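Please read all numbers here as calculations on a predicted model, not as lab measurements.
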Amino acid sequence: MSNDSQNGKHHEGDVAFIQSLAELLNASELSELSVKREYGEHDRLTVSLSKHARQVTYAAPAPVAAAAPAPSSAAPAPAAQLPAVTEDPATLPGAVTSPMVGTAYLSAEPGAAPFVQIGQAVAEGDTLLIVEAMKTMNHIPAPRAGTVKRILIDDGTPVEFGAPLMVVE
């Protein structure tokens with residue numbers, strides 16, 4: 001059997017392997033799982049799965065008690081005006097999550113227009129973005145018709161299995 005046939009055979013089995021790892025992670029009390037398979041000197045597979053997407057939170061500075069009211073022009077905007085992350089985007093009803101570990105791209109090629117923009121209406125099945133995994137470009141379709149409310153990743157962002165990518169409501 002040629003080397004190319006062996007590599008193709010490994011890579012076809014890798015998809016089932018990754019799906020099995022995802023099922024194991026969901027069925028267990030583990031929160032993260034990392035596996036590295038070595039097939040040869042230049043042929044390997046590294047998989048990292050996590051149940052919880054990384055969140056960005058904003059910390060507001062603690063309020064300082066003032067003895068006298070501050071003049072309106074002296075202080076910058078109050079800390080309450082900082083954006084607050086109140087919920088995990090993956091739990092939103094319209095969240096579109098990554099079906100695999102890979103790199104997310106918002107357009108078909110560098111410099112091209114993005115597939116979608118915030119506020120754009122999409123039909124079920126429309127391509128929202130691409131996740132590259134194992135040198136394969138996987139189009140991620142809209143799971144339902146709706147409007148793109150949020151884009152939670154930047155172009156070229158590495159993503160984990162289950163990571164929230166967009167919100168379509």
Side-chain angles (χ1 to χ4, degrees), residues 7-40 42-60 82-110 112-169:
N7 288 344
K9 186 176 180 181
H10 288 305
H11 297 300
E12 289 173 14
D14 288 344
V15 173
F17 176 67
I18 293 168
Q19 289 174 334
S20 296
L21 289 175
E23 290 170 8
L24 172 67
L25 184 65
N26 285 332
S28 70
E29 293 185 24
L30 297 173
S31 61
E32 292 184 15
L33 183 63
S34 293
V35 177
K36 185 174 187 177
R37 278 186 166 180
E38 298 281 339
Y39 295 120
H42 299 289
D43 191 12
R44 68 183 58 112
L45 170 70
T46 303
V47 179
S48 296
L49 302 173
S50 175
K51 281 186 182 178
H52 306 287
R54 294 183 188 129
Q55 293 185 28
V56 176
T57 56
Y58 297 94
L82 288 175
V85 175
T86 57
E87 53 191 28
D88 179 6
T91 63
L92 294 173
V96 177
T97 59
S98 180
M100 64 196 71
V101 174
T103 303
Y105 296 102
L106 299 174
S107 61
E109 59 187 38
F115 290 107
V116 296
Q117 296 178 359
I118 295 175
Q120 181 177 336
V122 294
E124 182 176 343
D126 284 355
T127 298
L128 298 175
L129 59 118
I130 293 174
V131 175
E132 177 188 8
M134 299 188 301
K135 298 185 182 185
T136 301
M137 299 297 183
N138 301 282
H139 290 254
I140 307 303
R144 68 190 67 76
T147 302
V148 176
K149 296 293 186 181
R150 293 170 66 185
I151 298 175
L152 304 168
I153 49 115
D154 292 321
D155 192 47
T157 302
V159 295
E160 301 289 328
F161 174 81
L165 304 170
M166 292 189 183
V167 176
V168 177
E169 296 178 338

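Of all the heavy atoms in Pro143 and Val96, the pair that sits closest is CD-CG2, 3.7 Å. Closest approach of Ala112 and Ser107 over heavy atoms only: O-CB, 3.5 Å.
Taking CG of Leu165 as the reference point, atom CG of Leu106 lies at 9.0 Å (rounded to 0.5 Å). Between Ile130 atom CD1 and Met137 atom CE the span is 6.0 Å, to the nearest 0.5 Å. Atom CD1 of Ile151 and atom OG1 of Thr157 lie 11.0 Å apart (nearest 0.5 Å).
Between Val167 and Val148, every side-chain heavy-atom pair lies at or beyond the 4.5 Å cut-off. Side-chain contact check for Val116 versus Met166: some heavy-atom pair is nearer than 4.5 Å.
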| task | Could you walk me through whether Val131 and Ile140 pass the side-chain contact (heavy atoms from CB on, under 4.5 Å) test, one step at a time? | result | CA-CA 7 Å; Val131 175; Ile140 307 303; 3.7 Å; yes

Phe161 vs Thr97, side-chain contact (heavy atoms from CB on, under 4.5 Å): CA-CA, chis, key distance, verdict: CA-CA 8 Å; Phe161 174 81; Thr97 59; over 6 Å; no

message = If you apply the rule side-chain contact (heavy atoms from CB on, under 4.5 Å), what do you find for Val159 with Thr103, and how did you get there?
response = CA-CA 6 Å; Val159 295; Thr103 303; over 6 Å; no

Below 3.5 Å, can you tabulate the donor-acceptor pairs from side chains in residues 120-129 to any protein atom, sequence neighbours excluded?
from	atom 1	to	atom 2	distance (Å)
Gln120	OE1	Gln117	N	3.0
Asp126	OD2	Ala123	N	2.9

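Between the Ser98 side chain and the Met100 main chain, a donor and an acceptor come within less than 3.5 Å of each other.
Considering only residues two or more places apart in sequence or on other chains, Glu132 meets the side chain to side chain donor-acceptor pair (under 3.5 Å) condition with Tyr105.
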